[in-house]
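In what follows, every heavy atom counts, from backbone to side chain, and hydrogens, waters and symmetry copies are set aside. Starting from 1, each residue takes its place in the sequence as its number.
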Amino acid sequence: MPGRPSEPESALIPLPTEVDVPLYHVRLGVKPPIFRVFISWSRGNVLQVACIRPLEDHLARGEGNETSDDAGLGGKVVEVKLGASDPNISEAQRRRIIYDSVSPFVLLQSRRKAFLTMSRMSSSSSHPSTDWWQQVLEYSRSISELLGSSKLSSKSVIEDPMIVLEHVDKPSSLKAAWQLMEIFYVDKHYFSWLPERLFDWLAEYDAILSETQMTVHSKLVKLQEKLVNLQVIENDPEYWEGLSSVLTVGWLDVAVKLLRLHGSYQLNQLDSRETENGLVETVAVLVSTMPRLRHDLPVGKLGQCFKTKPDFIKAWEKWRGQITKLDCSAFWVQCSHRPTREGLRNLLQIMLGNFNCISTACFHWMELFISHFLYIRPLTVGFEEMHGLALKFMRLKSSSLSNGLMRLLIGILGENTEVVMAECSKSFGPWMVTHSAELLTADNNQNEILLHEERYNLGGISIVELHRLVYCQVLTSHPLTWQVAPTYLVSCPKQGLGLLEILLSKQPVQNYPMILKNLEICQLNELYGISSCVKKIAGMHQWKHGRKGSGVYWLQEARDEARLNRIAQQLFECIGRSISDETFKQWEGLIELLGSDVGTAGGVGFLHRYRDFKRSLRQVKNGRPTRAARQTVESLIQLMKSPYTPQRFWLPLLHDVVDLLNWKDQPLLNVSETNFLLKKLQELSMAQLCPEFSETYLPPEALTEIRLALATNLSRAFLEE
């Protein structure tokens with residue numbers, strides 16, 4: 001990773017020299033003493049830890065024959081999975097998220113480049129369009145859909161009157177964190193209705209606020225289990241406690257459903273409990289008509305929506321007046337059922353904003369935080385004020401920041417981008433921090449500068465690029481996700497392309513599909529230089545492992561003239577050492593594949609002409625007419641005249657046409673052509689005296705046969721002319 005280990009004071013996350021608290025517990029089951037520990041990376045975020053015991057101690061204890069007790073062995077290897085992971089997301093789902101999030105990321109990067117190009121042309125700010133945040137919002141919602149469908153935990157089921165909470169799968173903390181960042185950093189449509197957005201968020205994710213602390217959701221789950229066995233529901237204190245808690249967090253539909261489970265609604269009790277039923281119904285109507293400062297409500301949710309603050313304030317004051325009037329009504333004296341009277345008046349106090357009643361009904365500080373905006377200060381705006389309230393309610397509920405979601409929220413409210421990035425990385429992994437960085441810079445120039453500024457202590461790269469490289473490292477460590485990494489490496493301007501070239505060059509090239517996969521990645525990202533490098537590597541690998549034709553094919557695809565010329569020269573020398581029909585047949589296909597335009601000093605060009613000569617000679621031997629014999633000797637003359645034909649080929653060429661020189665029908669060579677060949681034969685005789693002359697693998701009488709055949713052809717040519 002980028003950085004300078006020699007400068008610990010400038011490290012992004014400095015490690016303490018002395019650690020009092022263990023950072024990670026590993027259960028090995030190996031008896032002490034442990035002689036040595038080996039740690040190595042496995043797939044994904046898994047480490048392999050091997051602990052070895054001393055051999056002398058192992059033998060001294062007489063444990064060499066133990067087979068049943070693993071702890072008695074000389075060591076053990078275990079796998080340790082690092083990092084926090086959401087148990088509600090399986091490995092298959094994680095891989096699906098990794099693959100499906102590539103398209104939105106690439107689309108946003110493409111649009112960012114277009115906006116930056118327009119910015120340079122217009123000499124304006126970083127984002128020339130004031131609607132850039134809308135592009136990021138579209139990207140955010142695309143990612144959010146990948147993380148799972150939205151299911152509100154407070155959704156009621158009408159079919160069964162005793163069921164007030166639908167059973168749904170536990171939501172993922174990953175999506176909860178993503179939506180938190182979208183609410184605070186991206187979505188300007190609802191920024192003026194921020195408390196209502198937080199209310200919607202809590203309604204969906206209250207179930208995962210804490211694993212140890214009671215929440216309204218867990219309280220409601222227990223109450224629903226108890227409702228089935230209750231005969232007189234309004235006599236149970238837990239019914240009124242659950243009703244107060246539900247109303248506190250704004251789940252109005254569930255509150256109304258619980259109110260109408262009251263015993264006074266039974267037909268056989270309407271006459272005797274008319275006043276009590278009237279009070280319950282009045283409170284239910286007040287709950288269902290609560291004013292809400294928002295654009296609209298989800299289907300099935302209760303409340304009155306107001307889009308502007310003046311209209312909302314007017315309706316809010318009227319609604320509060322109706323609650324106050326009911327609270328001072330004389331009908332409470334006529335209500336003889338004490339639990340109902342006290343429970344309903346407690347609900348009125350919650351709607352009037354009584355902090356003590358609200359605090360008592362809430363369990364988690366986040367629930368108290370949301371209810372404060374619903375009933376006490378619905379017009380609250382500003383991160384600073386929200387941050388102060390959050391810290392206050394945390395102290396009030398004696399809550400610790402053991403949950404990653406809550407630490408992320410505190411970082412967001414505190415407007416501390418470094419804390420937000422660190423928490424995303426720590427609690428939700430490299431995928432989250434890589435993709436959520438786009439949300440942080442959607443409409444915040446300060447975050448843009450902070451995250452994209454090149455830093456010396458990171459090796460000259462930015463924080464965004466660092467996290468992308470870390471994410472790519474995780475992707476490349478798994479065989480099912482490595483092909484996604486190039487998309488993110490391309491978006492790293494400093495070190496991405498270099499690491500991508502290393503990644504693709506290290507991929508196995510033994511089989512054809514893997515090579516095609518590498519080339520497809522290069523083509524999709526327009527990496528033509530790296531594509532050529534991959535083809536060269538594939539060609540050399542195939543050539544060295546004996547697959548000559550495949551190697552030449554990939555080198556030709558890479559247009560590697562230097563290596564092709566070297567192969568041509570090697571082929572030229574190999575055939576030249578043993579000019580025989582068997583040798584030539586072995587290499588004939590490769591010569592055809594190389595083509596006539598490749599070769600050092602025309603070497604392969606000569607081999608192509610030699611191939612044509614051999615084909616004509618083969619036709620003659622197969623009983624073809626005199627025309628084929630004439631073409632053969634013409635090819636011979638061209639070969640002997642060519643300056644690229646080495647001398648060591650002359651004698652084998654002439655020996656091949658001995659039968660043609662003695663052609664019975666007519667002489668195939670005229671006088672001048674025969675004299676030319678005799679001259680070449682004389683030059684060859686002189687060259688044999690040189691020490692560097694390479695001998696051919698022909699019988700000793702070959703030279704005599706050639707001279708006799710040329711002399712015979714010359715005499716016949718004289719007579720013919």
Side-chain angles (χ1 to χ4, degrees), residues 106 110 113 472 476 482-577 583-612 614-615 638-639 642-646:
V106 171
S110 176
K113 290 180 181 179
C472 290
T476 55
W482 74 265
Q483 57 266 39
V484 178
T487 302
Y488 296 89
L489 288 174
V490 170
S491 66
C492 300
K494 292 292 183 181
Q495 300 185 9
L497 291 180
L499 294 175
L500 177 56
E501 185 171 358
I502 295 173
L503 170 65
L504 294 179
S505 64
K506 288 187 175 181
Q507 296 304 315
V509 290
Q510 290 89 346
N511 51 36
Y512 189 69
M514 180 60 72
I515 300 174
L516 292 182
K517 184 64 179 179
N518 290 345
L519 296 179
E520 180 185 3
I521 292 172
C522 295
Q523 184 178 4
L524 290 175
N525 297 283
E526 300 180 355
L527 304 174
Y528 303 113
I530 299 178
S531 174
S532 178
C533 180
V534 171
K535 293 174 183 177
K536 291 177 183 178
I537 295 172
M540 294 307 298
H541 180 274
Q542 300 290 334
W543 178 268
K544 290 179 179 179
H545 287 77
R547 295 180 285 273
K548 307 294 185 182
S550 180
V552 170
Y553 169 78
W554 285 117
L555 291 175
Q556 286 180 330
E557 289 291 312
R559 301 183 183 276
D560 191 351
E561 302 294 338
R563 286 185 174 86
L564 286 173
N565 287 337
R566 228 173 298 157
I567 289 175
Q569 185 65 24
Q570 180 181 349
L571 180 61
F572 183 76
E573 294 174 355
C574 180
I575 295 177
R577 283 194 297 267
T583 304
F584 189 77
K585 287 178 182 179
Q586 179 182 355
W587 299 101
E588 187 175 4
L590 193 57
I591 294 172
E592 182 73 26
L593 184 62
L594 278 171
S596 59
D597 56 342
V598 180
T600 302
V604 177
F606 156 73
L607 291 177
H608 275 269
R609 287 190 291 272
Y610 184 69
R611 177 202 60 193
D612 297 337
K614 282 288 189 179
R615 286 179 178 175
Q638 291 179 1
L639 284 170
S642 174
Y644 301 118
T645 303

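The two residues Leu503 and Trp482 have their closest heavy-atom pair at CD2-O, 4.4 Å. For the pair Ala558 and Lys536, the tightest heavy-atom approach, listed with the atom from each and the gap, is CB-CG, 3.7 Å. A pairwise comparison of heavy atoms in Leu497 and Leu527 identifies CD2-CD2, 3.7 Å as the closest pair. Contact between Cys472 and Ala485 at its shortest, heavy atoms only, is SG-O, 3.6 Å. Minimum interatomic distance between Cys522 and Ile530 (heavy atoms only, all atoms of both residues): SG-CG2, 3.9 Å.
Atom CD in Gln523 sits 11.0 Å away from atom CG in Leu516 (nearest 0.5 Å). Annotation: the span from Leu504 atom CG to Ile515 atom CD1 amounts to 12.5 Å, rounded to 0.5 Å. Between atom CD1 of residue Ile521 and atom CD of residue Gln507 there is a gap of 7.5 Å, rounded to the nearest 0.5 Å. Expressed to the nearest 0.5 Å, how far CD1 of Ile537 lies from CG of Asp560 amounts to 11.0 Å. Annotation: the span from Asn518 atom CG to Lys535 atom NZ amounts to 12.0 Å, rounded to 0.5 Å.
Side-chain contact between Met540 and Leu555 is present, with at least one heavy-atom pair separated by less than 4.5 Å.
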> Can you check side chain to side chain contact (heavy atoms under 4.5 Å, CB included) on Trp543 and Arg563, steps first, answer last?
Replying inline: CA-CA 11 Å; Trp543 178 268; Arg563 286 185 174 86; over 6 Å; no
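Using modelled atom types, one side-chain atom of His545 and one backbone atom of His541 make a donor-acceptor pair closer than 3.5 Å. At least one donor-acceptor pair closer than 3.5 Å links the side chain of Ser491 to the backbone N or O of Tyr488.
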